[in-house]
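Data block below; observations after.
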Amino acid sequence: MRTILSTICCIALLICTSCQHTRPEVNASPGSSGVEISWAKAVTLIETEQVKTVEHHHSRDVFLTTHDGKRFKTIEPVIGDVGRLIQKTDPTGKRISYWTE
């Protein structure tokens, strides 16, 4: 049982590590986490399609990268809010690149 669990953990770690290499490169400014903004401001940026990339973490942290390379950080009020917002704004997923942790 212990060997199976270790194997599963190793596979999960490999998958998570490989996901980091497929993330789009962003020009973080300032710092790697970006400028903190309100959830309302993030909603506006997404709804007006000013963002090219949205990164969603289990911690409810949301990172937005705009078309001109600016990076912002916010916290969604309820887990899944950003996913529902993006689905409503860009149902085909062609205009906003969205990934979750």
Side-chain angles (χ1 to χ4, degrees):
M1 182 68 167
R2 189 175 219 177
T3 304
I4 294 171
L5 185 57
S6 295
T7 303
I8 292 171
C9 288
C10 288
I11 291 170
L13 181 61
L14 287 172
I15 291 170
C16 289
T17 303
S18 65
C19 290
Q20 291 176 350
H21 297 292
T22 61
R23 279 195 263 179
E25 293 300 317
V26 293
N27 178 18
S29 63
S32 61
S33 64
V35 175
E36 290 193 29
I37 60 172
S38 69
W39 173 248
K41 176 66 177 171
V43 168
T44 300
L45 289 172
I46 293 169
E47 288 180 335
T48 58
E49 297 184 27
Q50 296 180 51
V51 297
K52 70 176 182 177
T53 304
V54 177
E55 305 167 23
H56 179 214
H57 296 261
H58 296 299
S59 61
R60 295 188 358 241
D61 288 343
V62 176
F63 296 91
L64 310 171
T65 304
T66 61
H67 293 287
D68 61 0
K70 293 179 184 167
R71 189 161 160 91
F72 299 98
K73 176 188 176 191
T74 191
I75 298 175
E76 65 181 337
V78 176
I79 192 94
D81 281 352
V82 72
R84 288 184 288 277
L85 176 63
I86 291 172
Q87 179 62 32
K88 183 180 89 176
T89 304
D90 182 20
T92 62
K94 293 182 179 179
R95 298 182 306 273
I96 299 173
S97 174
Y98 173 59
W99 66 268
T100 62
E101 177 183 58

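The shown structure was predicted, so the numbers you read here are calculated from the model rather than taken from an experiment.
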Subject >> Verify same cluster id: I79, V43 (apolar side-chain graph, 4.5 Å) >> reply: no
**OP:** Could you grab the distance from atom OG1 of T92 to atom CD1 of I96, nearest 0.5 Å is fine?
**Re:** 9.5 Å
**OP:** Could you pull out the closest heavy-atom pair between I46 and T89, with the gap in Å?
**Re:** O-CG2, 3.3 Å
Original post:
Is T53 reaching over with its side chain to a backbone N or O of S97, donor-acceptor style, under 3.5 angstrom?
Top reply: no
Original post:
Minimum heavy-atom separation for H67 to E49, with atom names?
Top reply: NE2-O, 3.3 Å
Subject >> Distance-minimising heavy-atom pair for T65 and E55 >> reply: OG1-OE2, 4.5 Å
**OP:** Drop me the distance from I37's CD1 to K70's NZ, to the nearest 0.5 angstrom.
**Re:** 11.5 Å
Subject >> Verdict with reasoning, W39 to V82, per side chain to side chain contact (heavy atoms under 4.5 Å, CB included) >> reply: CA-CA 10 Å; W39 173 248; V82 72; 3.9 Å; yes
Original post:
Parallel under 30°, tilted from 30 to 60°, perpendicular over 60°: which one fits the rings of H56 and Y98?
Top reply: parallel
Subject >> Sidechain-backbone polar pair: R60 side chain, E76 backbone, donor-acceptor under 3.5 Å >> reply: yes
**OP:** Looking only at non-hydrogen atoms, find the nearest pair between T74 and S38 and report the distance.
**Re:** OG1-C, 3.4 Å
**OP:** Using modelled atom types only, decide if a donor and an acceptor are shared between the side chain of T66 and the backbone of Q50 within a distance under 3.5 Å.
**Re:** no
Subject >> Partners meeting salt bridge (Lys or Arg N to Asp or Glu O under 4.0 Å) with K88 (sequence neighbours left out) >> reply: E47
